[in-house]
Amino acid sequence: VAASTIDSNPAVTFLAVARWMLTARLRARTLRSSNPRCADEHETLFVRLQLAASGLLEHAVNNECGLSKEGNEVLNF
C-alpha cells in the first residue's frame, strides 16, 4: 500500500481498498477476451484486495467496535 494512501481513519483506508478492488475487477473483465493471462492477474489482485479489506474490517472490529443496544457488534468508523 502506498504511503500516500494510508489514512489514520480506517473507513477512509477501507474505501480506498474497495476502490482498488473495483478497479481490478473491472480491468479483469475488460482484459478477459484480449489478454486472459493479464485478466487472471487482475482477478488475483482482486482476491488479495478482498483479503486486505477483510483484515481491515477485522482489525477495526477488534480495536474500535462497540456494542449496540441490542448487543450486536457495530463498527464505529
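Both backbone and side-chain heavy atoms feed into the values below; hydrogens, waters and symmetry mates do not.
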> With a 4.5 Å heavy-atom cut-off, do Glu43 and Arg25 have their side chains touching?
Replying inline: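 SC-SC contact between Glu43 and Arg25 confirmed.
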> Residues in salt bridge (Lys or Arg N to Asp or Glu O under 4.0 Å) with Arg27, at least two apart?
Replying inline: none
> Apart from Leu26 itself, which Ile, Leu, Val, Met, Phe, Trp or Tyr residues share its cluster (side-chain heavy atoms under 4.5 Å, direct or through members)?
Replying inline: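 Once heavy-atom contacts under 4.5 Å are chained together, Leu26 belongs with Leu22.
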>> Test question: given the 4.5 Å side-chain rule for I, L, V, M, F, W and Y, name all other residues clustered with Leu31, or answer none.
In response: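 ILVMFWY cluster around Leu31 holds nothing else.
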> Got a sec, which pairs hit salt bridge (Lys or Arg N to Asp or Glu O under 4.0 Å) with one end in residues 10-21, sequence neighbours left out?
Replying inline: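 Passing the test, one end in residues 10-21: no pairs.
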Side chains of residues 45-58: which donor-acceptor pairs under 3.5 Å do they make with residues two or more places apart or in other chains?
unit_1: Ser54; atom_1: OG; unit_2: Leu51; atom_2: O; d: 2.8

Donor-acceptor contacts under 3.5 Å from residues 33-41 side chains, at least two apart:
unit_1: Asn35; atom_1: OD1; unit_2: Cys38; atom_2: N; d: 3.2
unit_1: Asp40; atom_1: OD1; unit_2: Arg32; atom_2: NH1; d: 2.8
unit_1: Asp40; atom_1: OD1; unit_2: Arg32; atom_2: NH2; d: 3.2

